[in-house]
Protein chains: 2
Amino acid sequence: MQIGELSRRTGVSVRMLRYYEEEGLLQPSRRDSGYRDYGPAEEQLVRRIRVFSDAGLKLHAIRTLLPCVLNDRPELELCNEVRATLNREIGGIEERIACLESSRDILVGYLRQDAKRPRIGVRLQR
Amino acid sequence: MQIGELSRRTGVSVRMLRYYEEEGLLQPSRRDSGYRDYGPAEEQLVRRIRVFSDAGLKLHAIRTLLPCVLNDRPELELCNEVRATLNREIGGIEERIACLESSRDILVGYLRQDAKRPRIGVRLQR
DNA sequence: CTACAGTCTCACAGCGCTGTCAGGGTCAAG
DNA sequence: CTTGACCCTGACAGCGCTGTGAGACTGTAG
(Lines give C-alpha, C1' and ligand atoms only; values in the text may rest on other atoms or scores of the structure.)
Protein backbone atom coordinates (compact mmCIF):
# COMPACT_ATOMS: atom_id res chain seq x y z
CA MET A 1 0.00 0.00 0.00
CA GLN A 2 1.16 3.52 -0.71
CA ILE A 3 1.78 6.15 1.92
CA GLY A 4 -1.46 7.98 1.23
CA GLU A 5 -3.60 4.97 1.92
CA LEU A 6 -1.67 4.07 5.05
CA SER A 7 -2.20 7.63 6.18
CA ARG A 8 -5.94 7.38 5.59
CA ARG A 9 -6.14 4.05 7.37
CA THR A 10 -4.17 5.03 10.43
CA GLY A 11 -5.01 8.67 10.72
CA VAL A 12 -1.34 9.54 10.79
CA SER A 13 -0.42 12.28 8.32
CA VAL A 14 1.82 11.50 5.39
CA ARG A 15 4.28 13.95 6.80
CA MET A 16 4.46 12.08 10.08
CA LEU A 17 4.78 8.69 8.42
CA ARG A 18 7.84 9.97 6.66
CA TYR A 19 9.05 11.44 9.90
CA TYR A 20 8.65 8.10 11.68
CA GLU A 21 10.88 6.64 9.03
CA GLU A 22 13.39 9.42 9.39
CA GLU A 23 13.54 8.65 13.09
CA GLY A 24 14.11 4.97 12.45
CA LEU A 25 10.71 3.69 13.55
CA LEU A 26 9.69 2.43 10.12
CA GLN A 27 11.61 0.99 7.17
CA PRO A 28 9.13 0.49 4.35
CA SER A 29 10.36 -1.14 1.18
CA ARG A 30 10.53 0.90 -1.99
CA ARG A 31 9.18 0.27 -5.45
CA ASP A 32 11.32 0.87 -8.51
CA SER A 33 9.77 4.28 -8.75
CA GLY A 34 11.01 5.16 -5.32
CA TYR A 35 7.50 5.08 -3.85
CA ARG A 36 7.26 3.68 -0.34
CA ASP A 37 5.41 0.39 -0.04
CA TYR A 38 3.78 -0.58 3.23
CA GLY A 39 2.41 -4.00 4.18
CA PRO A 40 0.00 -5.05 6.93
CA ALA A 41 2.88 -5.42 9.38
CA GLU A 42 3.76 -1.77 8.92
CA GLU A 43 0.16 -0.76 9.38
CA GLN A 44 0.04 -2.62 12.68
CA LEU A 45 3.29 -1.03 13.70
CA VAL A 46 2.03 2.44 12.92
CA ARG A 47 -1.07 1.85 15.00
CA ARG A 48 1.12 0.74 17.86
CA ILE A 49 3.38 3.74 17.53
CA ARG A 50 0.30 5.90 17.66
CA VAL A 51 -0.84 4.37 20.91
CA PHE A 52 2.47 5.14 22.56
CA SER A 53 2.62 8.50 20.92
CA ASP A 54 -0.86 9.40 22.10
CA ALA A 55 0.24 8.27 25.54
CA GLY A 56 2.75 11.09 25.43
CA LEU A 57 5.91 9.13 24.74
CA LYS A 58 8.47 10.83 22.56
CA LEU A 59 9.46 9.06 19.39
CA HIS A 60 12.89 8.54 20.82
CA ALA A 61 11.43 6.54 23.70
CA ILE A 62 9.11 4.64 21.43
CA ARG A 63 12.05 3.61 19.31
CA THR A 64 13.63 1.90 22.28
CA LEU A 65 10.43 -0.07 22.72
CA LEU A 66 10.15 -1.28 19.15
CA PRO A 67 12.95 -3.84 19.02
CA CYS A 68 11.01 -5.90 21.54
CA VAL A 69 7.79 -5.52 19.63
CA LEU A 70 9.53 -6.52 16.46
CA ASN A 71 11.35 -9.26 18.30
CA ASP A 72 14.64 -8.97 16.52
CA ARG A 73 16.68 -9.29 19.68
CA PRO A 74 16.51 -11.88 22.52
CA GLU A 75 13.25 -11.66 24.38
CA LEU A 76 13.99 -11.50 28.05
CA GLU A 77 16.66 -8.89 27.96
CA LEU A 78 14.54 -6.68 25.79
CA CYS A 79 11.39 -7.07 27.74
CA ASN A 80 13.36 -5.99 30.74
CA GLU A 81 14.52 -2.99 28.82
CA VAL A 82 10.98 -2.28 27.78
CA ARG A 83 9.72 -2.61 31.33
CA ALA A 84 12.40 -0.22 32.43
CA THR A 85 11.49 2.26 29.73
CA LEU A 86 7.81 2.06 30.54
CA ASN A 87 8.49 2.47 34.23
CA ARG A 88 10.67 5.44 33.54
CA GLU A 89 8.03 7.01 31.35
CA ILE A 90 5.30 6.35 33.88
CA GLY A 91 7.46 7.95 36.51
CA GLY A 92 7.97 10.97 34.31
CA ILE A 93 4.28 11.28 33.67
CA GLU A 94 3.46 11.07 37.36
CA GLU A 95 6.02 13.72 38.03
CA ARG A 96 4.36 15.99 35.51
CA ILE A 97 0.98 15.25 37.04
CA ALA A 98 2.25 16.19 40.48
CA CYS A 99 3.71 19.37 39.05
CA LEU A 100 0.47 20.32 37.39
CA GLU A 101 -1.50 19.57 40.53
CA SER A 102 0.63 21.89 42.58
CA SER A 103 0.33 24.53 39.87
CA ARG A 104 -3.40 24.18 39.98
CA ASP A 105 -3.36 24.50 43.76
CA ILE A 106 -1.38 27.70 43.50
CA LEU A 107 -3.90 29.17 41.10
CA VAL A 108 -6.82 28.00 43.20
CA GLY A 109 -5.10 29.65 46.12
CA TYR A 110 -5.00 32.93 44.26
CA LEU A 111 -8.61 32.58 43.39
CA ARG A 112 -9.58 32.10 47.05
CA GLN A 113 -7.46 35.00 48.14
CA ASP A 114 -9.06 37.09 45.46
CA ALA A 115 -12.49 36.22 46.79
CA LYS A 116 -11.56 37.62 50.18
CA ARG A 117 -9.61 40.68 49.11
CA PRO A 118 -10.25 43.30 46.48
CA ARG A 119 -6.88 42.65 44.82
CA ILE A 120 -4.45 39.85 44.25
CA GLY A 121 -1.83 39.59 46.97
CA VAL A 122 -0.04 42.52 48.52
CA ARG A 123 -0.53 45.82 46.81
CA LEU A 124 2.36 47.05 44.76
CA GLN A 125 3.89 50.34 45.83
CA ARG A 126 3.44 52.49 42.77
CA MET B 1 18.82 48.64 40.60
CA GLN B 2 20.38 47.23 37.45
CA ILE B 3 19.20 44.19 35.64
CA GLY B 4 21.98 41.98 36.95
CA GLU B 5 21.09 42.62 40.55
CA LEU B 6 17.40 42.10 39.91
CA SER B 7 18.31 38.84 38.25
CA ARG B 8 20.34 37.74 41.26
CA ARG B 9 17.59 38.73 43.65
CA THR B 10 14.74 37.07 41.83
CA GLY B 11 16.47 34.12 40.26
CA VAL B 12 15.15 35.14 36.86
CA SER B 13 17.84 35.25 34.20
CA VAL B 14 18.79 38.54 32.64
CA ARG B 15 17.66 37.16 29.34
CA MET B 16 14.21 36.43 30.71
CA LEU B 17 13.89 39.81 32.38
CA ARG B 18 14.44 41.42 29.01
CA TYR B 19 12.02 38.96 27.50
CA TYR B 20 9.35 39.87 30.05
CA GLU B 21 9.77 43.45 28.96
CA GLU B 22 9.58 42.50 25.31
CA GLU B 23 6.29 40.78 26.08
CA GLY B 24 4.93 43.84 27.84
CA LEU B 25 5.06 42.51 31.40
CA LEU B 26 7.63 45.00 32.61
CA GLN B 27 8.42 48.61 31.71
CA PRO B 28 11.52 49.60 33.66
CA SER B 29 12.74 53.15 33.36
CA ARG B 30 16.02 53.87 31.67
CA ARG B 31 19.07 55.80 32.72
CA ASP B 32 20.75 58.21 30.37
CA SER B 33 23.15 55.45 29.50
CA GLY B 34 20.28 53.31 28.33
CA TYR B 35 20.67 50.95 31.27
CA ARG B 36 17.42 49.60 32.66
CA ASP B 37 16.59 50.75 36.16
CA TYR B 38 14.35 48.68 38.38
CA GLY B 39 12.74 49.70 41.65
CA PRO B 40 11.24 47.62 44.46
CA ALA B 41 7.87 47.63 42.72
CA GLU B 42 9.40 45.92 39.72
CA GLU B 43 11.11 43.41 41.94
CA GLN B 44 7.77 42.52 43.51
CA LEU B 45 6.21 42.27 40.11
CA VAL B 46 8.89 39.94 38.86
CA ARG B 47 8.41 37.68 41.85
CA ARG B 48 4.72 37.60 41.13
CA ILE B 49 5.28 36.83 37.48
CA ARG B 50 7.52 34.00 38.55
CA VAL B 51 4.80 32.49 40.72
CA PHE B 52 2.38 32.42 37.85
CA SER B 53 5.05 31.30 35.47
CA ASP B 54 6.09 28.47 37.74
CA ALA B 55 2.44 27.56 37.94
CA GLY B 56 2.60 26.88 34.23
CA LEU B 57 0.85 29.97 32.91
CA LYS B 58 2.14 31.29 29.64
CA LEU B 59 3.39 34.83 29.64
CA HIS B 60 0.51 35.80 27.42
CA ALA B 61 -1.94 34.70 30.10
CA ILE B 62 0.04 36.35 32.85
CA ARG B 63 -0.07 39.61 30.99
CA THR B 64 -3.86 39.58 31.16
CA LEU B 65 -3.60 39.19 34.91
CA LEU B 66 -1.23 42.08 35.49
CA PRO B 67 -3.53 45.08 34.92
CA CYS B 68 -5.46 44.01 37.99
CA VAL B 69 -2.32 43.51 40.02
CA LEU B 70 -1.11 46.93 38.95
CA ASN B 71 -4.55 48.31 39.51
CA ASP B 72 -4.63 50.70 36.61
CA ARG B 73 -8.15 49.81 35.60
CA PRO B 74 -11.36 49.63 37.67
CA GLU B 75 -11.18 46.88 40.24
CA LEU B 76 -14.31 44.86 39.96
CA GLU B 77 -14.32 44.43 36.25
CA LEU B 78 -10.71 43.43 36.28
CA CYS B 79 -10.98 41.07 39.11
CA ASN B 80 -13.75 39.40 37.20
CA GLU B 81 -11.48 39.18 34.23
CA VAL B 82 -8.77 37.78 36.40
CA ARG B 83 -11.10 35.26 37.96
CA ALA B 84 -12.16 34.19 34.50
CA THR B 85 -8.56 33.84 33.38
CA LEU B 86 -7.62 31.87 36.44
CA ASN B 87 -10.61 29.60 36.06
CA ARG B 88 -9.77 29.04 32.44
CA GLU B 89 -6.19 28.21 33.28
CA ILE B 90 -7.21 25.89 36.07
CA GLY B 91 -9.54 24.14 33.66
CA GLY B 92 -6.75 23.77 31.16
CA ILE B 93 -4.44 22.34 33.78
CA GLU B 94 -7.02 19.84 34.93
CA GLU B 95 -7.55 18.80 31.36
CA ARG B 96 -3.85 18.19 30.98
CA ILE B 97 -3.82 16.24 34.22
CA ALA B 98 -6.66 14.03 33.01
CA CYS B 99 -4.83 13.51 29.75
CA LEU B 100 -1.64 12.50 31.50
CA GLU B 101 -3.51 10.18 33.82
CA SER B 102 -5.05 8.33 30.93
CA SER B 103 -1.66 8.17 29.25
CA ARG B 104 -0.21 6.70 32.39
CA ASP B 105 -3.01 4.15 32.56
CA ILE B 106 -2.31 3.09 29.01
CA LEU B 107 1.35 2.54 29.82
CA VAL B 108 0.52 0.72 33.04
CA GLY B 109 -1.80 -1.43 30.97
CA TYR B 110 1.04 -2.34 28.66
CA LEU B 111 3.20 -3.15 31.61
CA ARG B 112 0.59 -5.52 33.04
CA GLN B 113 0.07 -7.15 29.70
CA ASP B 114 3.80 -7.55 29.43
CA ALA B 115 3.88 -9.28 32.77
CA LYS B 116 1.49 -11.92 31.49
CA ARG B 117 2.86 -12.39 28.00
CA PRO B 118 6.38 -12.68 26.67
CA ARG B 119 5.83 -9.79 24.25
CA ILE B 120 3.86 -6.61 24.04
CA GLY B 121 0.48 -7.07 22.45
CA VAL B 122 -0.26 -9.17 19.39
CA ARG B 123 2.72 -10.48 17.55
CA LEU B 124 3.50 -8.75 14.29
CA GLN B 125 3.35 -10.89 11.19
CA ARG B 126 6.84 -10.57 9.80
C1' DC C 1 -1.08 11.75 -25.38
C1' DT C 2 -2.90 14.48 -21.72
C1' DA C 3 -4.59 15.48 -17.44
C1' DC C 4 -4.58 15.00 -12.74
C1' DA C 5 -3.78 12.67 -8.52
C1' DG C 6 -0.20 10.73 -5.98
C1' DT C 7 4.50 10.51 -4.65
C1' DC C 8 9.43 11.96 -4.02
C1' DT C 9 13.14 15.06 -1.46
C1' DC C 10 14.50 19.12 0.67
C1' DA C 11 13.74 22.71 3.52
C1' DC C 12 11.57 26.52 6.04
C1' DA C 13 8.17 28.03 9.64
C1' DG C 14 6.11 28.05 14.14
C1' DC C 15 4.99 26.83 18.95
C1' DG C 16 7.06 29.33 23.92
C1' DC C 17 10.53 29.99 25.86
C1' DT C 18 15.76 30.03 27.05
C1' DG C 19 20.67 30.09 26.26
C1' DT C 20 24.45 32.14 23.90
C1' DC C 21 27.19 34.87 20.93
C1' DA C 22 28.72 39.07 18.57
C1' DG C 23 29.86 43.83 18.44
C1' DG C 24 29.69 47.73 20.98
C1' DG C 25 28.76 51.22 24.84
C1' DT C 26 29.10 52.41 30.31
C1' DC C 27 30.99 52.79 34.71
C1' DA C 28 33.68 52.09 38.66
C1' DA C 29 38.25 51.23 40.74
C1' DG C 30 43.20 51.29 40.36
C1' DC D 1 43.92 56.23 31.18
C1' DT D 2 43.20 51.37 31.43
C1' DT D 3 41.09 47.35 32.97
C1' DG D 4 37.34 44.45 33.93
C1' DA D 5 32.65 43.93 35.13
C1' DC D 6 28.36 45.16 33.55
C1' DC D 7 25.01 46.66 30.23
C1' DC D 8 22.93 47.36 25.44
C1' DT D 9 20.66 45.41 20.92
C1' DG D 10 20.02 42.00 17.60
C1' DA D 11 19.94 37.60 16.13
C1' DC D 12 20.55 32.59 15.87
C1' DA D 13 19.90 27.85 17.97
C1' DG D 14 17.37 24.18 20.05
C1' DC D 15 13.53 21.51 22.10
C1' DG D 16 9.87 17.72 19.39
C1' DC D 17 7.09 17.65 16.48
C1' DT D 18 3.84 19.19 12.48
C1' DG D 19 2.26 21.77 8.58
C1' DT D 20 3.28 23.62 4.15
C1' DG D 21 5.53 24.74 -0.03
C1' DA D 22 8.57 24.15 -4.08
C1' DG D 23 10.18 21.60 -7.92
C1' DA D 24 10.20 17.26 -10.06
C1' DC D 25 8.85 12.53 -11.08
C1' DT D 26 5.22 8.46 -11.41
C1' DG D 27 1.08 6.22 -12.38
C1' DT D 28 -3.49 5.79 -14.15
C1' DA D 29 -7.77 6.97 -16.44
C1' DG D 30 -9.89 9.09 -20.38
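We name chains A, B, ... by the order of the sequence lines, and we start the count at 1 in each one. Bear in mind that the values here come from a model prediction, so they are computed numbers and not experimental data.
With sequence neighbours left out, A:Arg96 forms a side chain to side chain contact (heavy atoms under 4.5 Å, CB included) with A:Ile93, B:Leu100. Residues that satisfy the side chain to side chain contact (heavy atoms under 4.5 Å, CB included) test with A:Ser33, not counting sequence neighbours, are A:Arg31, A:Tyr35. For the side chain to side chain contact (heavy atoms under 4.5 Å, CB included) test, residues two or more places apart in sequence or in another chain that qualify with A:Arg9 are A:Met1, A:Glu5, A:Glu43, A:Arg47. Evaluation of the side chain to side chain contact (heavy atoms under 4.5 Å, CB included) rule for A:Ile106 yields A:Tyr110, B:Val51, B:Ala55 as partners, not counting sequence neighbours. Partners of B:Arg63 under the side chain to side chain donor-acceptor pair (under 3.5 Å) rule, at least two apart in sequence or in another chain, are B:His60. In this structure A:Glu94 satisfies the side chain to side chain donor-acceptor pair (under 3.5 Å) test together with B:Arg104, sequence neighbours excluded.
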Pull out every protein N or O sitting under 3.5 Å from an N or O of nucleotides 19-23 of chain D, one pair per line with the distance.
| unit_1 | atom_1 | unit_2 | atom_2 | d |
| --- | --- | --- | --- | --- |
| D:dG19 | OP2 | A:Ser13 | OG | 2.9 |
| D:dG19 | N7 | A:Arg15 | NE | 3.3 |
| D:dG19 | O6 | A:Arg15 | NE | 3.4 |
| D:dG19 | O6 | A:Arg15 | NH2 | 3.1 |
| D:dT20 | O4 | A:Arg15 | NE | 3.2 |

Can you check nucleotides 26-30 of chain D for protein contacts, nitrogen or oxygen pairs under 3.5 Å, and list what you find?
| unit_1 | atom_1 | unit_2 | atom_2 | d |
| --- | --- | --- | --- | --- |
| D:dT26 | O4' | A:Tyr35 | OH | 3.3 |
| D:dT26 | O2 | A:Tyr35 | OH | 3.3 |
| D:dG27 | OP1 | A:Ser33 | OG | 3.3 |

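Each salt bridge (Lys or Arg N to Asp or Glu O under 4.0 Å) pair with one or both residues in residues 52-62 of chain B, not counting sequence neighbours, appears once here: B:Arg50-B:Asp54.
Distance B:Tyr19 OH to D:dA11 P: 16 Å, rounded to the nearest Å. In this structure, the CD atom of B:Glu5 is 18 Å from the P atom of D:dA5, given to the nearest Å.
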The dot-bracket string of DNA chain C, counting Watson-Crick and G-U wobble pairs with both distances under 3.5 Å, using [ ] for crossing pairs and | for pairs to another strand, is ||||||||||||||||||||||||||||||
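Taking a heavy-atom distance under 4.0 Å as the criterion, the stretch of DNA chain C touched by chain A extends 5' to 3' from C:dG6 to C:dA11.
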